[in-house]
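Structure first, then comments.
Residue numbering restarts at 1 for every chain, and letters A, B, ... go by the order of the sequence lines.
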There are 2 protein chains.
Amino acid sequence: MVKITDVARHAGVSPSTVSYVLSGKRSISAGTRERVLASIAELGYRPHAGARALASSRSNVLALVIPLRSGIHVPVVMQIAVAAVTAARRHDHDVLLLTQEEGVEGLRRVADSALVDALIVMDVQMRDPRLPMLRELDRPSVLIGFPADADDLTCIDLDFRAAGEACAERLAGLGHRSIALIGSPPEVYARQTGYAQRVAEGFRAAVRRHGLTGEVYPCEATAEAARALVGRLLAERPGLTGVVVHNEPVMEPVVRAFGAAGRRVPDELSVVAICPEDLAEHADPPLTSVAVPADEVGRRSVELLMAKLGGERVPAATLLPPRLTARASDR
Amino acid sequence: MVKITDVARHAGVSPSTVSYVLSGKRSISAGTRERVLASIAELGYRPHAGARALASSRSNVLALVIPLRSGIHVPVVMQIAVAAVTAARRHDHDVLLLTQEEGVEGLRRVADSALVDALIVMDVQMRDPRLPMLRELDRPSVLIGFPADADDLTCIDLDFRAAGEACAERLAGLGHRSIALIGSPPEVYARQTGYAQRVAEGFRAAVRRHGLTGEVYPCEATAEAARALVGRLLAERPGLTGVVVHNEPVMEPVVRAFGAAGRRVPDELSVVAICPEDLAEHADPPLTSVAVPADEVGRRSVELLMAKLGGERVPAATLLPPRLTARASDR
DNA sequence: TTGAAAGCGCTAACAC
DNA sequence: GTGTTAGCGCTTTCAA
């Protein structure tokens, strides 16, 4: 193994000079830097991560806690993870993967052992058992999602309330008077995951503001459940002309079920979705939608952490504004 | 921060004794062990990961390289990742997430810096540019997938050839004489990802053995492509009564398109899939399928690595046998 | 069965 | 602008 003293000897400088060339923490004459870099390249030197972590008390590793729960769209999780890794690498950091299963204890473990410098926690619940620990931890963290009490915590997410509102507004603007929100599975509401409730809130607020008829219908994430719910809507809400869907797996089944019942999209029924861009684009017909900005959430979580690690102050809440893209599913 | 010397003092022993209690690498009297463990608990001691890695030249971290490519079913990747993390934790290891994007250089980086002890590489290509590096690396690795030349490498995957064969056998056993394989997108075949070709090989072998009519049709992973292909099959292969699908996103669209053309599944058309269990179970109708054993792949990859890290010899190839589960899509 | 002490490879304070 | 050196916290030989 090539170590820093080997490089130092080869370049005819001291180990600390090599270290400083690498870290940029003090100025080095052009000539010296050249020679050091040449030696590093020639010898194929890589600093030992453990030694570095020990000496500098920085591991350059971020923890990412991913959810395992049902009712969560897996590709979005994956997209956030990939975006986080990519962003972390740009800042010379790596990402350690933890599962929700590890719980509070897992967070404490990686933080206290100095395995990671900071943490990103996905799928935060309204009353999340991990919050007390995150607050008392000496390491920075970012939550993806907004708990009920976010004091002293840094949170980021799509502004789901505004998203629900934007979708209802869209339908109102197109002249629809009787609309519905097909939402997340009941268990997602039950465990008080904030985003589902916030979409519903925004939806209801817009309904009220425009004097519409509009209600919220939770739906299991299966095609069967979608068909059953559509049957119920056809019976209970004959005047229904607009639907907001916030539940990825049922989007297509809902459109098809309405179509099969003679309510073709978009001619006899307008549909607006809250989902990842690619799903909306490839649906049939392509769906007007508010994007879940997974890439941006992943990237900005990392950037918030890097800022905190750099001693900067960051906003406690980052609410990403919804962007609605019109496609072929409403009119 | 609590360190090992603090624990030692508190328990009235030397630091090395604390270390040995934790590692179990030498015998400790029951009384001493008790006292040490009590002190550890009382002080909330966690060994510093970097210090440990430096002194022991083991980081207890595994690298997992995940693919980003198109034509790959994301939930399967996620499932393998979660299974790997879970298995790694059982062996007191953590998992560092790398993206394909980091390429050969990324593997070298984490290995040479001693950030990780071993590597799991997903989505291995027939001629994968990373293979030479993995061979010369001083750290153990496991490939998920089989390259053309697997000498000196440890590989694991579902036996896709046997899976393709089992599906065709299933249809042959039910009396079907004219069958088809709807496979991965063309680009997956083009970049010589082994598994797509192996499914086709196995399928063709069974077709030959039973004297059937059977061909392979690559298909883009979109509903549009599925509909187009079904149209083509209806025209070109009027006698077709059995279909094997190995392409998750098009399974449902294929079934629906045949249904729309009056070829109801399973009465007028039998369908057998190669896909994750839950997708087959929740399809409409539930699909007879060979499972892609993502959990087992993730778990066993880790176990192979742990064995190699422990100095054991492991089999160069682990081919997981296909298990076909009969459901409601064939007869 | 236990302790003392020499590193592991790097960073950063201190000195010049 | 550069060198010297004392740790960082742990593991593991060597010794008893």
Side-chain angles (χ1 to χ4, degrees), chain A residues 1-37 39-40 43-61 92 109-117 138 309, chain B residues 1-37 39-40 43-61 92 109-117 138 309:
Chain A
M1 186 203 188
V2 183
K3 38 190 148 186
I4 201 168
T5 50
D6 299 327
V7 175
R9 195 177 322 114
H10 187 273
V13 298
S14 74
S16 62
T17 297
V18 177
S19 176
Y20 284 120
V21 165
L22 251 18
S23 71
K25 287 188 182 172
R26 79 180 184 193
S27 51
I28 304 282
S29 73
T32 307
R33 132 177 286 108
E34 297 274 289
R35 263 181 306 133
V36 169
L37 290 176
S39 297
I40 287 174
L43 300 179
Y45 168 67
R46 305 268 183 187
H48 187 287
R52 194 170 240 196
L54 179 57
S56 68
S57 43
R58 279 293 177 86
S59 67
N60 276 33
V61 174
D92 196 29
R109 180 178 65 82
V110 295
D112 286 358
S113 67
L115 225 195
V116 308
D117 296 334
D138 52 334
L309 285 171
Chain B
M1 186 204 187
V2 183
K3 40 188 147 187
I4 201 168
T5 50
D6 299 326
V7 176
R9 195 176 323 113
H10 188 271
V13 298
S14 74
S16 61
T17 297
V18 176
S19 177
Y20 284 118
V21 165
L22 250 18
S23 70
K25 288 188 181 172
R26 80 179 182 194
S27 52
I28 303 281
S29 73
T32 308
R33 132 175 286 109
E34 297 275 287
R35 261 182 306 135
V36 170
L37 290 176
S39 298
I40 287 174
L43 301 179
Y45 168 67
R46 304 269 185 188
H48 187 288
R52 194 170 239 195
L54 178 57
S56 68
S57 43
R58 277 292 177 85
S59 66
N60 277 30
V61 174
D92 196 31
R109 180 178 66 81
V110 296
D112 286 357
S113 68
L115 225 195
V116 307
D117 296 333
D138 52 334
L309 285 171

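Under 3.5 Å, the side chains of S14(A) and T17(A) contain a donor-acceptor pair of N or O atoms.
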Q: Apply side-chain contact (heavy atoms from CB on, under 4.5 Å) to the pair L22(B) and I40(B), showing each step before the final yes or no.
A: CA-CA 10 Å; L22(B) 250 18; I40(B) 287 174; 3.6 Å; yes

(Q) Run R52(A) and S23(A) through side-chain contact (heavy atoms from CB on, under 4.5 Å) and show every step you take. (A) CA-CA 11 Å; R52(A) 194 170 240 196; S23(A) 71; over 6 Å; no

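Counting non-hydrogen atoms under 4.0 angstrom, T17(B) reaches the backbone sugars and phosphates but no base. Residue-level contact check: T32(A) touches the backbone only, with heavy atoms under 4.0 Å from sugar-phosphate atoms and none from bases.
Interface remark: the R26(B) side chain does form a donor-acceptor pair with the dT2(C) base, using a distance-only criterion of under 3.5 Å. Under 3.5 Å, the side chain of R9(B) and the base of dG3(C) form no donor-acceptor pair of N or O atoms.
The separation between K3(A) atom NZ and dG7(C) atom P is 11 Å, rounded to whole Å. dA4(C) atom P lies 14 Å from atom CD1 of I4(B), rounded to whole Å. Here the C1' atom of nucleotide dG7(C) and the CE atom of M1(A) are 14 Å apart, to the nearest Å.
The phosphate of dC10(C) (OP1 or OP2) has no side-chain N or O of Y20(A) nearer than 4.0 angstrom. For the pair S16(A) and dT11(C), the criterion of a side-chain N or O lying under 4.0 Å from OP1 or OP2 is not met.
Heavy-atom distances under 4.0 Å link DNA chain D to L54(A), A55(A) of residues 49-60 of chain A, given in residue order.
N60(A) places a side-chain N or O within donor-acceptor distance of the main-chain N or O of D92(A), the cut-off being under 3.5 Å. The backbone N or O of P15(A) sits nowhere less than 3.5 Å from a side-chain atom of S19(A) that would complete a donor-acceptor pair. Panel note: side chain S59(A), backbone L115(A); a donor-acceptor pair is recorded below 3.5 Å.
Closest non-hydrogen pair, V110(A) versus S113(A), comes out as O-OG, 3.6 Å. Closest approach of V36(A) to A11(A), counting heavy atoms only: CA-CB, 4.0 Å.
Using a 4.0 Å cut-off between a side-chain N of Lys or Arg and a carboxylate O of Asp or Glu, K3(A) and D6(A) do not qualify as a salt bridge.
Close approach of DNA chain D to chain A, defined as any atom under 4.0 Å from a non-hydrogen atom of the protein, starts and stops at dG1(D) to dG9(D).
The listed nucleotides are dT1(C), dG9(C), dA5(C); the one nearest the side chain of S29(B) is dT1(C).
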